[in-house]
Amino acid sequence: MSLFKSLAIVGATLLPTASSADWSGFYFGASVGNVTEGELELSSGTVQEIEEAMPFGFFIGYQSQNGRFVFGGEFAYAAADDIELEDAIVDVAYGEGDLKARLGYDFGNVLGYGVISRSAIAVSTSAEDVVASGLGFGFGADIKVSHNFTVGAEFMFRDLNGEYEINDLVVDDDVDFRANTINLRASVRF
């Protein structure tokens, strides 16, 4: 066998094949997450660490596929009623919302993707509120369990800026909020 024929055979086996999964269409689902690292810093230098937060949420989105590339948009929201802040003695509620643009690659029954988002996070007690917004980014993977059902995981990084209020009065308008989350997700596609 000539060198040319050998290279042609090897090259043909390495060429991408047609996608075995169609990732196009609308989807919705639920998530459970964990804030793996979170920090709230006031302009005065005071820092509060988020020690424990497990938000539950939902998401809805649409994707379109072109060859092996998949792109789309998604809205996601998650909240937790009782999180633990460093040295806090009151109940604290946590909520996060993301409007995401996604770009992924179809590996067959696995979709790997990257995310960029406009994100917002709110942390509230009975008298105090912190609301911050900004850009987030992340990555994730979805696995097709059946034609319409997927499970996956997503990691998000957020570095946001916002306001700190006491009884609806702004006391600091330069609050930095950093939160990294990992979410386990399950969704239905139609």
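Note: hydrogens, waters and symmetry copies are ignored here, and every other heavy atom, side chains too, is used. If you read the sequence from its start, that first residue is 1, and numbering goes on from there.
- Ion pairing of Glu37 with Arg158 is absent here, as no side-chain N (NZ or NE/NH1/NH2) approaches a carboxylate O to less than 4.0 Å.
- Phe69 CZ: 12 or fewer foreign heavy atoms inside a 6.0 Å radius.
- Looking at Arg178 and Glu49, no side-chain N of the basic residue comes within less than 4.0 Å of a carboxylate O on the acidic one, giving no salt bridge.
- Side-chain polar atoms of Glu74 and Tyr62 form no donor-acceptor pair below 3.5 angstrom.
- Phe137 meets the ring pair (Phe, Tyr, Trp, His ring centres under 6.0 Å) test with Phe157; sequence neighbours excluded.
- Neither side chain, Asn180 nor Thr36, offers a donor N or O lying under 3.5 Å from an acceptor on the other.
- Inter-residue side-chain proximity for Lys100 and Phe75 is flagged as unmet; no heavy-atom pair is nearer than 4.5 Å.
- At a threshold of 4.0 Å, the pair Arg102-Asp142 counts as salt-bridged, since one of the basic side-chain nitrogens sits closer than that to a carboxylate oxygen.
- Under the 3.5 Å distance criterion, with hydrogens and angles disregarded, no donor-acceptor pair is assigned to the side chains of Ser24 and Ser64.
- Side-chain contact check for Val175 versus Glu163: every heavy-atom pair is 4.5 Å or farther apart.
- Across every non-hydrogen atom of Phe71 and Leu103, the tightest pair is CB-CD1, 4.1 Å.
- Here the closest non-hydrogen pair linking Tyr77 and Gly95 is OH-CA, 4.2 Å.
- A heavy-atom distance below 4.5 Å is found between the side chains of Tyr94 and Ile50.
- Residue Asp81 qualifies as open at atom CG: its count of foreign heavy atoms under 6.0 Å is 12 or below.
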